[in-house]
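The structure appears below as structure tokens.
Residue numbers start from 1 in every chain, and the chains themselves are labelled A, B, ... in the order their sequence lines are given, proteins ahead of strands.
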2 protein chains.
Amino acid sequence: MSLTPHPIDRRQNAAQQIHRQLRDWIITGQLKTGAILSEPRLADLFGISRTPIREAMKKLEEESLLDIFPQVGSMVAPIEIDIVRDSQFIRETLEVRTIELATENVTSSNIATLRGIIERQRVLVEAKDPHGFFVADDELHDTFMRIAGRPSVWSLLTTTNAHLNRVRYLSLEDLSWLRMVFEEHCDIVEAVAAHDVDRATHSMRDHLRSVLAAVERVAIAYPEYFKQENETAKSLS
Amino acid sequence: MSLTPHPIDRRQNAAQQIHRQLRDWIITGQLKTGAILSEPRLADLFGISRTPIREAMKKLEEESLLDIFPQVGSMVAPIEIDIVRDSQFIRETLEVRTIELATENVTSSNIATLRGIIERQRVLVEAKDPHGFFVADDELHDTFMRIAGRPSVWSLLTTTNAHLNRVRYLSLEDLSWLRMVFEEHCDIVEAVAAHDVDRATHSMRDHLRSVLAAVERVAIAYPEYFKQENETAKSLS
DNA sequence: AAAAGGATACTTGTATACTACCATGTCTCT
DNA sequence: AGAGACATGGTAGTATACAAGTATCCTTTT
């Protein structure tokens with residue numbers, strides 16, 4: 001797989017560091033659907049024993065980022081459109097409700113923070129940096145949750161909506177799409193700043209629906225990442 | 001701790017069986033807040049090695065049912081009211097939206113299923129069986145999610161809202177409360193059967209809010225389960 | 001008597017050995 | 001030539017050994 005692993009800090013929990021690294025590799029596509037992960041090989045790669053590797057892989061399986069077939073092998077799971085749709089439903093439901101609360105609670109200091117993020121995103125869009133934008137996108141939504149007084153909701157969504165996040169990451173590779181997403185962010189922030197609950201919730205819903213619309217496009221542009229219905233079982237050799 | 005473990009089926013994944021058993025013990029209060037779990041002791045109890053025990057405990061920690069202090073020990077986590085409130089927010093948001101969909105989609109065969117569950121609950125209430133009712137309660141909400149076409153939402157809530165579920169279980173010990181919860185279930189089902197979206201969503205919201213109201217009562221009736229603010233760190237011996 | 005210090009027994013984290021099982025390729029028999 | 005038995009290498013699941021850290025208690029010292 002020839003990836004360069006971040007060195008392990010032996011003073012901290014190794015399994016956690018491995019897990020973060022592997023999850024990043026999968027979501028950013030450095031580990032693609034179908035890639036084979038073997039406990040002993042990863043142990044060699046990271047220069048560590050199988051046990052922490054195993055714990056990390058178990059976590060990935062729970063996030064359904066990895067399929068573990070006992071006695072056979074493990075491979076990066078295909079993106080399943082059905083799971084993406086369910087994730088989208090959960091995200092939309094929670095986030096529309098949250099933006100409502102955020103708009104009611106927002107302070108002028110909050111607004112300054114939001115506009116600061118927007119300005120950073122503007123720079124990233126002009127620099128054509130999808131990866132940086134992806135991170136700043138997460139930060140924006142996280143900030144909304146914090147303003148609403150529900151910071152735990154975002155952490156729930158990040159751990160639970162991994163499939164959706166893979167699609168989001170892929171979709172941002174398209175620069176015109178990136179610009180559109182950015183415009184939508186501006187809309188939402190301005191609606192929140194204006195204390196306009198209706199406009200904020202509608203903008204947010206439209207925004208999230210457009211993310212969902214990206215699924216179809218991404219599934220065609222990157223078919224190798226997705227589960228193909230009548231595909232024969234992949235060989236693991 | 002003197003609990004009688006369910007025997008392990010060696011043909012299936014041991015860690016998973018252990019995890020289910022331990023989670024049940026915690027949610028049903030057979031393992032109380034502060035109870036000490038040690039990997040080697042549990043390994044002896046189940047007649048199995050530390051590795052699967054360890055995996056199960058890791059999962060419990062992710063559900064924040066267990067606090068693991070490296071090199072020190074592990075104990076059943078106290079119920080944190082803040083976490084319960086956040087869980088409640090997530091549950092209410094998702095479930096009110098879901099009951100809306102369920103009411104729109106419901107078929108007459110669905111209605112028969114729902115009324116069947118209600119009748120079983122009626123028997124359990126009369127038999128004063130809080131544990132049986134708890135299981136049937138879960139089943140009812142799960143059924144709503146399935147009717148709405150979002151079965152994955154319920155599995156998300158069960159894994160993610162463990163703290164809330166501990167409170168729910170404790171609250172049902174009060175028989176008059178049990179009866180009230182049952183009445184609310186009847187209301188919701190009849191509203192769904194009448195295809196009355198407004199009444200269904202309002203009944204569901206009221207129902208879930210009353211669960212939240214139980215928190216205060218339960219926190220007073222069972223203070224030993226909850227995190228006390230100015231409590232000194234518990235001894236692990 | 002009180003406080004400082006260290007031995008001890010416990011904990012979880014990590015490493016490694018062993019087991020049961022599966023996929024694959026080869027070799028033999030029909 | 002084709003089909004089936006079988007050896008082989010690889011996998012995750014489990015068991016156990018080792019390491020590093022911490023709380024406790026007892027000893028020693030002041």
Side-chain angles (χ1 to χ4, degrees), chain A residues 1 5 7-22 31 34-77 231-237, chain B residues 1 5-22 31 34-62 64-77 231-237:
Chain A
M1 46 201 103
I8 305 293
D9 179 353
R10 305 306 294 256
R11 291 165 306 182
Q12 301 177 41
N13 185 294
Q16 199 176 329
Q17 299 176 61
I18 306 276
H19 171 251
R20 266 200 295 267
Q21 173 95 75
L22 290 177
L31 276 174
I36 308 296
L37 298 190
S38 137
E39 291 181 6
R41 294 168 87 89
L42 283 175
D44 279 354
L45 181 65
F46 284 97
I48 204 171
S49 82
R50 269 183 61 201
T51 310
I53 298 284
R54 179 176 171 73
E55 280 182 21
M57 289 174 71
K58 276 285 195 188
K59 267 193 170 178
L60 292 175
E61 187 192 27
E62 280 164 40
E63 297 166 306
S64 46
L65 287 175
L66 189 67
D67 288 331
I68 299 181
F69 303 99
Q71 291 26 297
V72 178
S74 307
M75 49 188 273
V76 175
E231 182 179 17
T232 56
K234 278 197 188 185
S235 160
L236 281 171
S237 66
Chain B
M1 46 199 103
H6 199 278
I8 304 293
D9 179 354
R10 305 306 296 257
R11 290 167 305 183
Q12 299 177 43
N13 186 295
Q16 198 176 328
Q17 299 175 61
I18 307 275
H19 171 251
R20 265 198 296 266
Q21 172 95 76
L22 292 176
L31 277 174
I36 308 297
L37 297 190
S38 134
E39 290 178 8
R41 293 168 86 89
L42 284 175
D44 279 355
L45 180 65
F46 284 98
I48 205 172
S49 81
R50 270 183 61 203
T51 311
I53 299 284
R54 182 176 169 72
E55 276 183 25
M57 291 173 69
K58 275 287 195 186
K59 267 194 171 178
L60 291 175
E61 188 191 27
E62 280 164 39
S64 47
L65 287 175
L66 190 68
D67 288 331
I68 299 180
F69 303 99
Q71 296 18 308
V72 178
S74 306
M75 50 188 273
V76 175
E231 184 181 15
T232 56
K234 280 198 183 178
S235 160
L236 281 173
S237 67

Next item on the list: Would you please name every residue forming a side-chain contact (heavy atoms from CB on, under 4.5 Å) with A77(B), sequence neighbours left out?
Entry: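 Partners of A77(B) by the side-chain contact (heavy atoms from CB on, under 4.5 Å) criterion, ordered by chain and then number, come out as D67(B).
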
Note to self: If the condition is side-chain contact (heavy atoms from CB on, under 4.5 Å), which residues does K58(B) pass it with, not counting sequence neighbours?
What the structure shows: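 With neighbours one apart ignored, the set is N13(A), E55(A), R54(B), E61(B).
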
Using whole Å, report how far [atom1] of [X] lies from [atom2] of [N].
X      : N       : atom1 : atom2 : value
I68(A) : dG13(D) : CD1   : P     : 6 Å
K58(B) : dT11(C) : NZ    : P     : 17 Å
E39(A) : dT16(C) : CD    : C1'   : 13 Å
E61(A) : dA12(D) : CD    : P     : 11 Å
R41(B) : dA9(C)  : CZ    : P     : 15 Å
L60(B) : dT12(C) : CG    : C1'   : 15 Å
L42(B) : dT12(C) : CG    : C1'   : 13 Å
M75(A) : dA12(D) : CE    : C1'   : 16 Å

Checklist line | Letter per nucleotide, 5' to 3', of nucleotides 14-21 of chain D [B base touched, S only sugar-phosphate touched, - untouched; heavy atoms, 4.0 Å] | finding: BBBB---B

Next item on the list: Determine, stepwise, if the pair R41(A) / I36(A) fulfils side-chain contact (heavy atoms from CB on, under 4.5 Å).
Entry: CA-CA 10 Å; R41(A) 294 168 87 89; I36(A) 308 296; over 6 Å; no

Checklist line | For the student: nearest non-hydrogen atoms of P52(A) and I48(A), plus distance | finding: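 In this case the closest contact between P52(A) and I48(A) is CG-CD1, 3.8 Å.
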
Notebook entry, point to check: Which heavy atom of A43(A) sits nearest a heavy atom of R50(A), and at what distance?
Noted result: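 Result for this residue pair: CB-N, 4.1 Å.
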
Check: Taking the side chain as C-beta and beyond, is there a heavy-atom pair between Q21(A) and F46(A) under 4.5 Å?
Finding: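 Of all side-chain heavy-atom pairs linking F46(A) with Q21(A), at least one is under 4.5 Å.
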
